Q: 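Dumping the structure here so I can ask a few things about it.
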Protein chains: 2
Amino acid sequence: MTDTAQRPTLEAVAARAGVSRATVSRVVNGGDGVREPLVERVRKAVEELGYVPNQAARSLVTRRHDAIAVVVAEPETRVFADPFFALQLRGISKELTAHDNQLVLLLTEGRDDHARVGRYLAGGHVDGALVFSLHLDDPLPGLIQHAGVPTVFGGRPDWSGDRRGVVYVDSDNRGGARDAVRHLVGLGRSRIAHITGALDQTSAVDRLDGYRDVMVDADPRLIVEGDFTPAGGERAMRELLVRCPDLDAVFAANDLTAAGALRVLRESGRRVPEDVAVVGFDDMLPVAEQTEPSLTTVRQDIEEMGRLMARLLLRGLDRHAVEQGVGAAPSSVVLPTTLVRRASA
Amino acid sequence: MTDTAQRPTLEAVAARAGVSRATVSRVVNGGDGVREPLVERVRKAVEELGYVPNQAARSLVTRRHDAIAVVVAEPETRVFADPFFALQLRGISKELTAHDNQLVLLLTEGRDDHARVGRYLAGGHVDGALVFSLHLDDPLPGLIQHAGVPTVFGGRPDWSGDRRGVVYVDSDNRGGARDAVRHLVGLGRSRIAHITGALDQTSAVDRLDGYRDVMVDADPRLIVEGDFTPAGGERAMRELLVRCPDLDAVFAANDLTAAGALRVLRESGRRVPEDVAVVGFDDMLPVAEQTEPSLTTVRQDIEEMGRLMARLLLRGLDRHAVEQGVGAAPSSVVLPTTLVRRASA
DNA sequence: CGGTGATCCGAGAGCGCTCTCACCTCCGGC
DNA sequence: GCCGGAGGTGAGAGCGCTCTCGGATCACCG
């Protein structure tokens, strides 16, 4: 824990190279319009002094920070129990570093944190924000709109406010759900149940809609609300077995739910997939591959989602910088999903 | 994606309140030494104009950023397959926001990224760094020492360089491993095998040492190298069954490894825990609770580790600011582990 | 050989803030 | 009633950088 010695400034480099500050600045920022011998001299001086630009001073005048906030609004600990979030973060990180941007992470716990985040974003510390807010009635999107920070959402936000300019990246939850259920139908199943996710999240709602698209007039008793957790899956599965003992398939809203359901099915003596076929969602590897039997599920490319979010945001910022309204504003993207067949269906 | 209007400056607030910039600055930074009526006037002006201090300008003069870098150096994707990292991050985040610090996340992929991180840290963009570098021969600790940024490590770094002032927070891997193996001994097991983690990480080495502490002259064939993954666990378990068919217990270096081992044991017809007792490490919930049977394992308080890292760093920075050498430098902390008994042993 | 661009470089003005220092109160003590 | 001091406030310098703009330099053409 030692301090760095006084760091060299532009001035110092300029002195050493025998040029003006302006010239050093030009070289440091790309070197356009400076003749080769001078460029060389400056580079050498920079090297020798170990000069690193002071970002604060630079931001002060350019009003850019080359930093993006990633806001993860998850009151539940759920995000932390699965690699979903980490993978997305990784995609984001890759894309941001490729464009020399820093990643400022804001995790919020509970409602009171929202104000803090809003203040931070409004404070102009970052050039833009990537926000994960998958809950209905989340105040965050509103706060952000108010803060006036360019933003891309992860997952379709539920939002009653002004929808103009709202950009998001999402998986095709509805389509994926349809594929899952159609697969079960294709296996000859007809009493197909659905354990939903937490219905305060758009992804859960969309997956339910996808299920309904295929099971047009499904027995309503075949639908039970879960909460994306294994425990919820167990509870829901138990209820289903009571309600509809004749069911022959289950589409669970995610893999953790499916894992819980599988356990209850096993306890009840049903064979999977012979008696009851099971399909999950997410393809959360450590879970989907570990279940008994291994889980047929719907895969989404999570890392790509993250990367895409970052790309969209940065592109938007560029456009922003060049001139407002040049070219089309970036628009939302919905990524396709694929069914991964394993043993459970 | 709209721009904020021109943001108000200190100057503007000062004008509105009819005071000088200096006074506004004083009020904004705590208001000491300013008389009440003035404080009130300034507060009102701040409110009305929606003034938010420009962090860049402030940093430029104070040389503080109120930002901490979190460096996650993990060439493998392993970190992302478990909630370990996310939990730690959460602990860190809580502690940092409690002290009004931002969290800048730096994820590195592969060796080339190290230079980038080193440059960033040396660039004085952050006040300190929290670094996860659990690999032997990692160049990162050296780079960081060189960058001269106050740093706390997550997990004991393996480091041949100057150890002075190296602060880390770690779990008691060795002690936890001892507890696990002792537990197995207590169950009357004597042919206790160990599937190690990736031995290029200090945690794996420490856990192996703990195993050896108890199994003083263990049959060397009972130790097989794994890599912290389920696949590695399967492979190692298969080998163990060939080498030592008489084994009656397995201590796996982590829960994922244990999950793989469990599967192979089941395939081979061994009953767990009757024939072979199994203990894992980490208490990675979605894994440990989902296995068949549920896993007895060693729990570490991961979130607390994160929080502690942040606290140690911030404390160090304070001391730094006040005056070098006042009070004891923060020193490393090793957190205790606890054995969680479930069904597998 | 003078004129005319084009090109390259430097001087200097800020960006918005903090912080030192001088000044200006206003109080109490002699 | 005057003076010393404490406490409150403002003026102004400066943090390290970018960027505009004017001046110097050079090539090239008529």
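Only a predicted model underlies this, so the values are computations on that prediction, with no experimental measurement involved.
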Q: Drop me the distance from Glu95(B)'s CD to Leu314(B)'s CG, to the nearest 0.5 angstrom.
A: 6.5 Å
Q: Give the first and the last nucleotide of DNA chain C, reading 5' to 3', that has any atom under 4.0 Å from a heavy atom of chain A.
A: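 It runs dC8(C) to dG16(C).
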Q: Using atom CG of Asn29(A) as one end and atom P of dC19(D) as the other, report the distance to the nearest whole Å.
A: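 In whole Å, dC19(D) P lies 7 Å from Asn29(A) CG.
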Q: Between Lys44(A) and Glu48(A) (salt bridge meaning N to carboxylate O under 4.0 Å), is one present in this structure?
A: yes
Q: Gly18(A) or Pro53(B): which one's nearest nucleotide on DNA chain C is closer to the 5' end?
A: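 The 5'-side residue here is Gly18(A).
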Q: Answer yes or no: are there more than 12 heavy-atom neighbours, outside Glu47(B) itself, under 6.0 Å from its atom CD?
A: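 No, CD of Glu47(B) has 12 or fewer neighbouring heavy atoms, counting only those of other groups under 6.0 Å.
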Q: Which atoms form the tightest heavy-atom contact between Ala69(A) and Leu106(A), and what is the distance?
A: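 That would be CB-CD1, 4.2 Å.
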Q: Between atom CZ of Arg119(B) and atom CG of Leu121(B), what is the distance when rounded to the nearest 0.5 Å?
A: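 Output value for this atom pair is 11.0 Å.
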Q: Categorize Arg26(B) for me: base, sugar-phosphate, or nothing, with a 4.0 angstrom heavy-atom threshold over every strand shown.
A: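 Base: the residue Arg26(B), judged by heavy atoms under 4.0 Å, touches a nucleobase.
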Q: Taking the side chain from Ser59(B) and the backbone from Arg64(B), do they hold a donor-acceptor pair closer than 3.5 Å?
A: yes
Q: On DNA chain D, does the nearest nucleotide to Ala22(A) precede the nearest nucleotide to Arg35(A) from the 5' side, or the other way round? Give the residue.
A: Ala22(A)
Q: With a non-hydrogen cut-off below 4.0 angstrom, is Arg63(B) in contact with a base, only sugar-phosphate, or nothing?
A: sugar-phosphate
Q: Judged by each residue's nearest nucleotide on DNA chain C, which is more toward the 5′ side, Arg21(B) or Val19(A)?
A: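 Between the two, 5'-proximity favours Val19(A).
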Q: Rounded to the Å, how far apart are Glu36(B) CD and dG8(D) C1'?
A: 14 Å
Q: With no hydrogens and no angle check, is any side-chain donor or acceptor of Arg7(B) less than 3.5 Å from a backbone partner on Gly123(A)?
A: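 Flag set: sc Arg7(B) to bb Gly123(A) pair under 3.5 Å.
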Q: Closest nucleotide of DNA chain D for Ala57(B) versus for Ser20(B): which of these residues is on the 5' side?
A: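 Looking at DNA chain D, the more 5' nearest nucleotide goes with Ser20(B).
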Q: Report all interatomic pairs (protein N or O, nucleotide N or O of nucleotides 4-6 of chain D) with separations under 3.5 Å.
A:
none

Q: Distance-only, no hydrogens or angles: does the His65(B) side chain make a donor-acceptor pair with backbone N or O of Gly124(B) under 3.5 Å?
A: yes
Q: Out of Leu103(A), Leu313(A), Val104(A), Val126(A), which one pairs with Ile68(A) under the side chain to side chain contact (heavy atoms under 4.5 Å, CB included) rule?
A: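 Answer after filtering Leu103(A), Leu313(A), Val104(A), Val126(A): Leu313(A).
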